[in-house]
Amino acid sequence: MNTFALLLGLASAAELPAQQYRIDMVVYQGDPLGSKAAGNLDILSRPILQVCLGQTGTVQVGQDFAFPATVVGEVPNTRPVGVAVRVTPRPAPGGAVLLRMELQHTTVAPGPGVRTGDGLSQPAFNVETVETAVRVKPGETERVRMSARSATDQTWVELTVRPAK
């Protein structure tokens with residue numbers, strides 16, 4: 001018997017999960033209970049990750065926000081805003097995959113920002129982070145709500161996991 005299969009509680013090595021997975025994602029914003037035809041849902045991106053078991057894949061949906069440097073002559077600072085998704089697949093019994101996920105939504109805070117010691121104003125950022133684990137069988141789709149600030153401004157991520165070919 002395969003030692004790795006035994007540690008996972010599997011009957012044989014034939015039940016071992018694949019070593020590489022393709023993760024199809026849909027990142028969207030809006031009210032998923034409303035219909036797409038009513039315009040309640042905006043698809044932001046449809047990224048695809050291919051990751052090995054135990055390795056972390058990352059997707060950034062958004063842009064780099066540039067703001068002035070704090071010292072004259074320095075290169076302007078940048079900070080990614082939008083949605084970042086980090087996914088790490090792990091084997092689970094029964095051929096399933098445990099996806100450890102970190103979802104982060106970053107926006108520029110409205111208003112004048114933060115005053116620094118030298119009298120400059122720097123932008124403030126709102127960062128919301130959700131960490132979760134989802135058990136999925138290959139071919140199943142899971143939906144994770146990431147941001148629940150209001151009923152109309154929610155970011156969702158749908159994931160479908162398949163063994164990579």
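Because the structure is a prediction, the values reported are computed rather than measured.
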Indicate yes or no: at least one non-hydrogen side-chain atom of Thr56 is less than 4.5 angstrom from one of Val51.
-> no
Val97 vs Arg135 side-chain heavy atoms within contact, under 4.5 Å = no
Closest approach of [X] and [Y], non-hydrogen atoms and distance?
{"X": "Gly54", "Y": "Arg90", "result": "CA-NH1, 3.3 Å"}
{"X": "Cys52", "Y": "Pro89", "result": "O-CG, 3.6 Å"}
{"X": "Pro110", "Y": "Asn126", "result": "CD-ND2, 4.4 Å"}
{"X": "Ala84", "Y": "Gln60", "result": "CB-OE1, 3.4 Å"}

Joint cluster assignment, [X] & [Y], ILVMFWY side-chain distance < 4.5 Å:
{"X": "Leu98", "Y": "Leu49", "result": "no"}
{"X": "Met101", "Y": "Leu44", "result": "yes"}
{"X": "Val83", "Y": "Val81", "result": "no"}
{"X": "Val136", "Y": "Val59", "result": "yes"}

Assess whether side chain to side chain contact (heavy atoms under 4.5 Å, CB included) is satisfied between Glu102 and Thr129, documenting all intermediate values.
-> CA-CA 7 Å; Glu102 179 183 328; Thr129 303; 3.8 Å; yes
Arg100, CZ atom: more than 12 neighbouring heavy atoms under 6.0 Å = no
The reported gap from CG in Leu53 to OG1 in Thr88 (rounded to nearest 0.5 angstrom) is 10.5 Å
Quick one: CD1 on Ile23 to CG on Leu99, what's the gap to the nearest 0.5 Å?
-> 5.5 Å
Identify which one of Arg22, Gln55, Gln20 satisfies the side chain to side chain donor-acceptor pair (under 3.5 Å) criterion when paired with Gln50.
-> Gln20
Only one of Asp64, Val61, Thr106 passes side-chain contact (heavy atoms from CB on, under 4.5 Å) with Pro80, and that residue is Asp64
For residues Gln104 and Glu128, is any side-chain donor paired with an opposing acceptor at under 3.5 Å?
-> no
Please answer whether the main-chain N or O of Phe67 pairs with a side-chain N or O of Arg79 as donor and acceptor at a distance below 3.5 Å.
-> no
Does the Ser121 side chain pair with the main chain of Pro112, one donor and one acceptor, at a distance under 3.5 Å?
-> yes
Give the ring-plane orientation class for Phe65 versus Phe125, where under 30° counts as parallel, over 60° as perpendicular and anything between as tilted.
-> perpendicular
